[in-house]
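Residue numbering restarts at 1 for every chain, and letters A, B, ... go by the order of the sequence lines. The shown structure was predicted, so the numbers you read here are calculated from the model rather than taken from an experiment.
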Number of protein chains: 2
Amino acid sequence: MAQKVKLSTIAEALGLSTATVSLALRDSPLVADVTKERIKEAARELGYIYNRRAASLRTSRSGIVGVCVHDVMNPFYGEILKAIEHELDRNRQTFILCNHYDDLSKQRSFVDTLLQLGADGLILSPALGTPPADIRLAEENGLPAILIARTIDGAGALGFRGDDAYGMGLAVDHLVSLGHRSIAMIGGTRATSTGREREAGYLAGLARGGIAFRPEWRIEGPRSRHSGFDSAGPFLAIKDRPTAIVCFSDLVALGVMYGLARQGIRPGVDVAVVGYDDIDEAEIAMPPLTTVSNGQSEVGERAAGALLERLSGMEAREHTTLIRPHLRVRQSCGSPEAG
Amino acid sequence: MAQKVKLSTIAEALGLSTATVSLALRDSPLVADVTKERIKEAARELGYIYNRRAASLRTSRSGIVGVCVHDVMNPFYGEILKAIEHELDRNRQTFILCNHYDDLSKQRSFVDTLLQLGADGLILSPALGTPPADIRLAEENGLPAILIARTIDGAGALGFRGDDAYGMGLAVDHLVSLGHRSIAMIGGTRATSTGREREAGYLAGLARGGIAFRPEWRIEGPRSRHSGFDSAGPFLAIKDRPTAIVCFSDLVALGVMYGLARQGIRPGVDVAVVGYDDIDEAEIAMPPLTTVSNGQSEVGERAAGALLERLSGMEAREHTTLIRPHLRVRQSCGSPEAG
DNA sequence: CTGAAAGCGCTTACAG
DNA sequence: CTGAAAGCGCTTACAG
């Protein structure tokens, strides 16, 4: 490339000052329309590239928002992300993405990077074991944080997530209404708010149905398609095998279903399966998966909206907004409609 | 937050110059070890945050790499991304992600943003219809680009992708060796190099097997799980229905399989199905999917490596590296091993 | 081994 | 409506 074109290049070419050029390029009403046109024209011709680092150094606004989740490849987060991306795009914010894979040090180094770049804000689904102090550190250094999917008490931040306990209750109630009296729960961990809430919802649902919980019904851990698949074996080994399963997530449920099918057990016929999240794939699974719709896009949209509001100066104090989930009945619990 | 802590804050506190502090913090051998320790200690205590914008304005190196693909939620890209992420992380580069959804204007505005941020490089799976000039524009403005998955002739850039024609040939050969004489191909479009290559491989495979291609065997278009699912109908409507299907991707194949199953046609029994990409999910699908392993992580790793080399000053001229795919036989083409 | 000074490319009061 | 000048927080020759 030739000599770098900067504001002063344009200014000199036109016999104006850099101040005027700067103002004109940002459409300030302070500059006469004709002048503006000449300037923009020249900028285009010279191939001018706006230097955001310089501007941001001066204004201390970067137009960058960081988003950090467990793993983008998980469709649950993917769907939230799409909504965030859409909101941010409309507001001309650039977003930087990071997977923390529940590794606290990865999350920390990302927050650090954002701080160094002077990012305007952070949308975070916190890694396992994130201490509230980590969130406060960001806030104190001028990086407002919004929590999604998982929340952390005492962090003093806004959060948006589905009402997991209520949602899982819906799933259990549905199974009970279908006549099931022994219901297993596969997947999830108590180390996240999500895991705790969904388990609580499961237990509460059982209680409402007058069913005494049996510890062997609870297979903790799986949170991915693969680990769901692998838990088909342990499930089949439960003595007095339950007639129904609620899963921590759709991914786990899909894994469980194909794992069962591999062993000759037909999901939706031999055993009822309910998922959680209602990801896109649920409706075209085999069989179509009954699940709890968790409002991913609403979470993403509202989180982005809240951040944008904070950027425009709104104050906020700790508060978690619960999005209300609802049940989506398909064929994996038996086939009311034609399969 | 209190007063912002900067280099000069530390310098004053210690009675040193900012030059020394700057050097010390970056571990320059020019600074005495004791001084270094004092400085680092003070930085920690004062809660100093390095301002990368300022540094980058001065050095014109930003430590930022942009990555832009069709859609991160597609596991094919997801797996490439993981490899890139890993490489970049090790080299302390921050990466900014963008989905272009094959929208040229989205891709352009992303490249623009990178230019404005002074990004060090770009890894791109170009959107449909990307003109070579777009790539050259980036290069001319100091943004070296590496192409992945899809390539563009005349862009003058390095590229890494699987040998799609060869790989699809493998799939067809396999089917032919199993005795199939009528093989459909579902999915993909000629608008991408990937689509063209895979179709060419399909046609060549047919020719090698002495099979005359029939136009009704080719269902163009589907590139997602959902559209694959929806193409089960059209496939079943083909007169003299083919006994086997090769699919543009695993996602399409998975959709097709569940679509067929929904209509009572058993994939792997009533019709053979082969996918492409060998994504994680392929082995736990029902039935396990025979597919072509496409070397996603190698693509990602080598692309990132090549970019890193260019950043350290290596020159490069247009060249595409083809990663050799290989066939992964599972049960979706009939069940040699126990299903 | 350490310091004084210039400069990266913008924006923002302040004058005129 | 336009211009001159300072300053954002670093790094980098250059001296000493």
Listed nucleotide nearest any side-chain atom of A:Lys6, set C:dG9, C:dC1, D:dG9
C:dG9
What's A:Gly118 touching, base or sugar-phosphate or nothing? Going by heavy atoms closer than 4.0 Å.
nothing
Pairs where residues 305-315 of chain B contributes a residue and the test side chain to side chain donor-acceptor pair (under 3.5 Å) is met, not counting sequence neighbours
B:Glu139-B:Arg310
Once salt bridge (charged side-chain N to carboxylate O under 4.0 Å, His left out) is applied, what residue pairs with a partner in residues 45-69 of chain B remain, sequence neighbours excluded?
B:Arg61-B:Asp120
When the distance from CD1 of B:Ile49 to C1' of D:dC10 is rounded to whole Å, what number comes out?
15 Å
C:dG3, D:dC10, D:dG3: which one has an atom nearest the side-chain heavy atoms of A:Thr20?
D:dG3
For A:Glu79 and A:Gln296, indicate whether the former's side chain and the latter's backbone hold a donor-acceptor pair under 3.5 Å.
no
Of D:dG9, C:dC10, D:dT2, the nucleotide closest to the side chain of A:Val31 is D:dT2
List the atom of A:Lys106, the atom of A:Asn99, and the distance in Å for their closest heavy-atom pair.
CE-O, 3.6 Å
Is there any protein nitrogen or oxygen under 3.5 Å from a nitrogen or oxygen in nucleotides 12-16 of chain D, and what are the pairs?
residue: D:dT12; atom: O4'; partner: B:Arg58; partner atom: NH2; Å: 3.2

Nearest to the B:Leu57 side chain among D:dT2, D:dC10, C:dG9, which nucleotide is it?
C:dG9
With distance as the sole test, does B:Ser62 use its side chain to make a donor-acceptor pair with the main-chain N or O of B:Gly118 at under 3.5 Å?
yes
In this structure, are over 12 heavy atoms from other groups packed under 6.0 Å from A:Asp153 atom CG?
no
Rounded to whole angstrom units, what separation is found between the OH atom of B:Tyr50 and the C1' atom of D:dG9?
10 Å
Using a 3.5 Å distance criterion without hydrogens, assess whether the side chain of B:Lys4 forms a donor-acceptor pair with backbone atoms of B:Ile49.
no
Trace of the side chain to side chain contact (heavy atoms under 4.5 Å, CB included) decision for A:His70 with A:His100
CA-CA 5 Å; A:His70 177 86; A:His100 55 55; 3.9 Å; yes
For DNA chain D, which residues of residues 33-48 of chain B approach it to below 4.0 angstrom with any heavy atom?
B:Tyr48
To the nearest angstrom, the CD-P distance between B:Glu12 and C:dA4 comes to 12 Å
Expressed in angstrom and rounded to an integer, what is the separation of A:Leu30 atom CG from D:dG3 atom C1'?
13 Å
Any ion pair linking A:Arg44 and A:Glu41 (charged N to carboxylate O, less than 4.0 Å)?
yes
Starting from C1' on C:dC10, measure out to CG on A:Leu25 and report it in whole angstrom.
11 Å
In terms of side-chain heavy atoms, does A:Tyr101 have a donor or acceptor partner in A:Asp103 at a distance below 3.5 Å?
no
A:Ile10 atom CD1 is separated from C:dT11 atom P, nearest whole Å, by 11 Å
Calculate the interatomic distance between A:Asn51 atom CG and D:dC8 atom P; express it in whole Å.
18 Å
Quick check against the 3.5 Å criterion: does B:Thr59 have a side-chain atom that pairs as donor or acceptor with the backbone of B:Ala55?
yes
Secondary structure of DNA chain C per the Watson-Crick/G-U criterion (both distances under 3.5 Å; [ ] crossing, | other strand, . unpaired) is |||.||||||||.|||
Applying salt bridge (charged side-chain N to carboxylate O under 4.0 Å, His left out) to B:Lys82 and not counting sequence neighbours gives A:Asp71
When rounded to whole Å, the NZ to P distance for the pair A:Lys4 and C:dC8 reads 10 Å
